[in-house]
Amino acid sequence: MRRGLQPVLEGHRIVHAETRRTDLRVPFPANFARRLKGRRVKRLWRRAKYLLAELDNGETLVVHLGMSGRMSVHIPGARREPGVPRSHTVHGVASSRHDHVIIETDAPAQIVFTDPRRFGLMMLIDTEALGAHPLFAALGPEPLSQKLSAVYLNAVLKGKKTPIKSALLDQRVIAGIGNIYACEALFRARISPKRLAANVRLRSLGALSLSIKAVLREAIAAGGSSLRDHKRVDGNLGDFQHSFAVYGQGGQPCPTCCGGTIRRIRQAGRSTFFCPKCQS
DNA sequence: CGATGCCCCTGAGAGC
DNA sequence: TGCTCTCAGGGGCATC
């Protein structure tokens with residue numbers, strides 16, 4: 001998403017902003033749109049699952065998509081997003097009842113934030129205080145950075161009695177891994193999701209580090225995983241769901257042809273998919 | 001301190 | 001057709 005938004009946001013000025021519904025998980029401040037208008041985006045970056053647009057007034061726009069959020073880009077004069085009925089348009093651009101924020105930049109482009117379940121958030125935080133903000137202060141290292149290594153995992157998981165799967169979802173351990181990629185990484189590393197975090201051997205933690213990086217790199221290159229709501233910013237589906245080895249594959253034979261069957265279990269309220277034969 | 005369950009919300013699909 | 005139930009890329013909070 002960050003890569004898709006970069007060409008129409010970074011270095012560009014916000015010429016218009018408006019909010020529709022403002023009662024998301026974290027409600028927008030009343031003057032949210034006014035504070036955005038006229039600002040230039042100095043840098044568009046990402047930390048964990050947060051998209052960050054550093055503005056030219058010392059504030060940073062923080063975006064989280066929650067479960068069902070997405071961003072879409074509409075270029076004036078370009079073809080409509082695939083599958084959008086002609087009738088549902090505002091300013092000549094597709095609009096649904098779940099479009100909560102519309103931002104226009106001088107790219108020129110219109111950027112729409114859509115979130116049916118409204119678990120997402122958008123807020124403005126002083127750029128200087130970003131690192132100390134409660135959303136960011138306790139986040140673990142970026143999985144694609146060199147900080148994620150067997151040695152790091154060994155240290156941070158020491159004494160942790162939680163299952164390794166749950167530890168991977170803990171954003172204080174590693175920042176940015178979600179349910180799909182936790183399952184896929186554990187499968188590739190042949191580690192049981194039920195194994196207690198502290199009991200995973202150093203050797204396996206090495207395999208896990210590499211698996212996490214590989215899965216995330218591949219998924220990003222594929223445009224993400226389109227299960228329900230996710231689409232790329234151009235409206236096209238991501239492709240990584242076609243490459244799942246275990247996620248959503250309960251009852252199917254293990255892709256390694258080990259003869260095992262993919263099982264679905266529930267851990268800490270989330271579905272986990274794994275091969276009991278490969279991952280022990 | 002850390003683990004667990006519940007909750008926020010809407011929509012899709014299955015089963016009856 | 002319509003009801004009820006379960007499930008979904010996340011994470012904050014109360015409760016043990």
Side-chain angles (χ1 to χ4, degrees), chain A residues 1-2 4 20-28 46-51 62-72 83 96-100 113-123 133-140 143 156-187 193-199 212 215-216 218-233 236-251 263-273:
Chain A
M1 177 183 73
R2 191 203 69 80
R20 300 275 174 74
R21 273 195 91 141
T22 56
D23 56 334
L24 304 208
R25 179 159 61 88
V26 178
F28 297 111
R46 181 196 56 74
R47 173 79 172 107
K49 295 173 185 171
Y50 296 94
L51 176 75
V62 177
V63 181
H64 194 293
L65 299 180
M67 294 277 270
S68 60
R70 78 180 197 97
M71 302 281 263
S72 50
S96 84
R97 70 198 206 92
H98 300 303
D99 292 349
H100 307 310
F113 171 64
T114 309
D115 186 9
R117 294 176 73 179
R118 308 207 304 283
F119 290 170
L121 69 83
M122 271 198 192
M123 54 200 300
H133 191 277
L135 288 181
F136 298 93
L139 287 176
V156 76
L157 298 178
K158 195 169 189 173
K160 276 209 183 291
K161 291 183 187 164
T162 194
I164 183 68
K165 158 69 170 1
S166 302
L168 290 183
L169 292 182
D170 184 342
Q171 303 296 297
R172 297 167 300 181
V173 173
I174 309 171
I177 298 179
N179 201 36
I180 291 175
Y181 305 120
C183 293
E184 293 293 321
L186 285 169
F187 172 77
K194 294 190 277 192
R195 171 141 306 178
L196 298 191
N199 293 348
I212 289 168
V215 161
L216 292 179
E218 290 170 32
I220 291 166
S225 306
S226 291
L227 295 182
R228 293 176 155 71
D229 301 286
H230 170 72
K231 289 180 184 176
R232 309 185 205 214
V233 299
N236 289 309
L237 299 180
D239 288 323
F240 196 69
Q241 67 278 12
H242 303 305
S243 301
F244 292 167
V246 290
Y247 188 86
Q249 307 300 308
R263 277 226 302 145
R264 181 171 84 99
I265 59 172
R266 188 165 290 276
Q267 291 183 293
R270 315 288 304 274
S271 282
T272 297
F273 296 89

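Residue numbers begin at 1 in each chain, while the letters A, B, ... track the order of the sequences.
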Worksheet entry | In C:dG9, glycosidic geometry as syn within 90° of 0 or anti otherwise | syn

Discussion item. When you measure from the side chain of A:K49 to the backbone of A:I177, do you find a donor-acceptor pair of N or O atoms at a distance under 3.5 Å?
Written reply: yes

Worksheet item: Side chain of A:Q241, backbone of A:L227: donor and acceptor closer than 3.5 Å?
Response: no

Discussion item. Counting distance alone, no hydrogens or angles: does the base of B:dA12 have a donor or acceptor under 3.5 Å from a partner atom on the side chain of A:R228?
Written reply: no

Contact class for [X] (heavy atom, under 4.0 Å): base, sugar-phosphate, or nothing?
X	result
A:D229	base
A:S68	nothing
A:G66	sugar-phosphate

Ignoring the backbone of [X], work out which of [options] is nearest its side chain.
X	options	value
A:I180	C:dA8, C:dG9, C:dG11	C:dG9
A:Y247	B:dA3, C:dA8, C:dG11	C:dA8
A:K160	C:dA8, C:dG12, B:dA3	B:dA3
A:T162	C:dG9, B:dA3, C:dG12	B:dA3

Discussion item. Give me the distance, rounded to whole Å, that separates C:dC7 from B:dG5 when you measure between the P atoms they each carry.
Written reply: 15 Å

Item to complete: For nucleotides C:dG9 and B:dG13, find the distance between their P atoms and express it as a whole number of Å.
Response: 16 Å

Discussion item. Is the phosphate of C:dA8 approached by A:S271 (side-chain N or O, under 4.0 Å from OP1 or OP2)?
Written reply: yes

Worksheet entry | Residue mapping more 5' on DNA chain C - nearest nucleotide basis, A:S225 or A:R25 | A:S225

Worksheet entry | Proximity of A:F273 and A:F244 rings by center, below 6.0 Å | no

Worksheet item: Do A:F119 and the base of B:dC9 stack face to face, with centres under 5.5 Å apart and an angle between planes under 30°?
Response: no

